[in-house]
Protein chains: 2
Amino acid sequence: MSSEGPVKLDATAKRIIELLQEDGRASYAAIAKAVGLSEAAARARVQKLLDSEIMQVVAVTDPTQVGFTRQAMIGIRTEGDPLQVGDRLAEVAEVDYVVTTAGSFDLLVEVVCEDDPHLLDVIRRVRELEGVVSSETFVYLKLNKQHYNWGTR
Amino acid sequence: MSSEGPVKLDATAKRIIELLQEDGRASYAAIAKAVGLSEAAARARVQKLLDSEIMQVVAVTDPTQVGFTRQAMIGIRTEGDPLQVGDRLAEVAEVDYVVTTAGSFDLLVEVVCEDDPHLLDVIRRVRELEGVVSSETFVYLKLNKQHYNWGTR
DNA sequence: GTTAATTCTGCGATTACCGCACATTCTTTG
DNA sequence: CAAAGAATGTGCGGTAATCGCAGAATTAAC
């Protein structure tokens, strides 16, 4: 769905991203002052970053706090093209995160479920997908840390 | 650092969260209209959700797009209290995500690094932590899907 | 049933946002 | 290298959103 080009970001773009990683609702005026641009220019740059899907500004929550009692990571071994299997997994609604990896799993998939029967159903559906050879599920017991302000380089 | 109580969220709070999961920069006026409150009340509720750390509004990016070429998930087996080890891991700057799990790993840890030597150094530091018995690293090759609008229940 | 605390509404006063015309800088390209 | 074209930035006026606060309404506690 997204065709990536390794976009080049200048120092101003990176500082804007870092500011919004700290506070996604920062005003354009505040951003402009922080990076030394006019308000209109700052606004244009934020819009560009959003439109190009380099960055998105969203609310993030601990799923367990908003009614999803079962979360899990599923390690998956595939046959055929892992990227294609990854695309198929990405279509599953309960899946919020898919990465292709090197190691004893080909894909790591995070799923968000309401309860145990729901998780069971998701695992069943995942294992039935074409190209999925085996899977191993890690049920989440506690979310210890979750942050997004890793900055830029 | 965060003392969790399973906070009870009413329907309005959940709808506000869902709206901001779609667009973290939605105006208070728009939120108010959507949930049927005055602008001031909507603003107060958003502030409360932010202050109580139930929700945070932030910019999220694909790390590879902003200069971090090496990302990985590290599966960790521990001895002693996994939660304590998790807390220690959470203090590592390059670690952005820590979950305690049930399964063949006790903890899953996501790390964001600039390059291979950086990743190597992080893995070394992680393995030296007290309580870490063994670790297995899954280097990310591609981020297939990443989304945050899983809604509420 | 009264009190206290929380939450909501309804405003002005202030600030931010948006769109647009024009200036500036950076890239092609002949 | 000069001119054309594309980005990117500035300034500003009109509109809309935000903020702070006083008082009403609702909810919880006793």
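So you know, we letter chains A, B, ... as the sequences are listed, proteins then strands, and number each from 1.
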I'd like to know if [X] pairs up with [Y] as an ion pair, taking the criterion as any Lys NZ or Arg NE/NH1/NH2 lying under 4.0 Å from an Asp or Glu carboxylate oxygen.
X	Y	result
R124(A)	E128(A)	yes
D106(B)	R77(B)	no
R125(A)	E94(A)	yes

For [X] and [N], give me the distance from atom [atom1] to atom [atom2], rounded to whole Å.
X	N	atom1	atom2	result
R43(B)	dC8(C)	CZ	C1'	12 Å
Y28(B)	dT9(C)	OH	P	16 Å
Q47(A)	dG9(D)	CD	C1'	16 Å
L49(B)	dT7(C)	CG	P	11 Å
E39(B)	dC21(D)	CD	C1'	13 Å
K48(B)	dC8(C)	NZ	P	8 Å
K33(B)	dC8(C)	NZ	C1'	19 Å

* Face-on cation placement of R45(A) at Y28(A) ring, 6.0 Å and 45° thresholds ->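 No, a cation-pi geometry is absent between R45(A) and Y28(A).
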
* Position toward the 5' end of DNA chain D (nearest nucleotide), L37(A) or R25(A) ->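 Its nucleotide being nearer the 5' end, the pick is L37(A).
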
* Residue whose nearest DNA chain D nucleotide is more 5′ - A40(B) or G36(A) ->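 Final value for this comparison: G36(A).
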
* Under 4.0 Å: is that the gap between some side-chain N or O of R45(B) and OP1 or OP2 of dC8(C)? ->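 Checking dC8(C) against R45(B), a side-chain N or O does come within under 4.0 Å of OP1 or OP2.
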
* To do: Go through dT9(C), dT18(D), dC18(C) for me and flag the one nearest to the A41(B) side chain.
  =>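 Within the option list, the nearest is dT9(C).
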
* Asked: What is the nucleic acid contact for S27(A), judged by heavy atoms within less than 4.0 Å: base, sugar-phosphate only, or nothing?
  ->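 The residue S27(A) makes sugar-phosphate contact but no base contact.
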
* Asked: Using a cut-off of 4.0 Å on non-hydrogen atoms, how would the nucleic acid contact of A29(B) be classed: base, sugar-phosphate, or nothing?
  ->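 A29(B): backbone/sugar contact only, no base atoms under 4.0 Å.
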
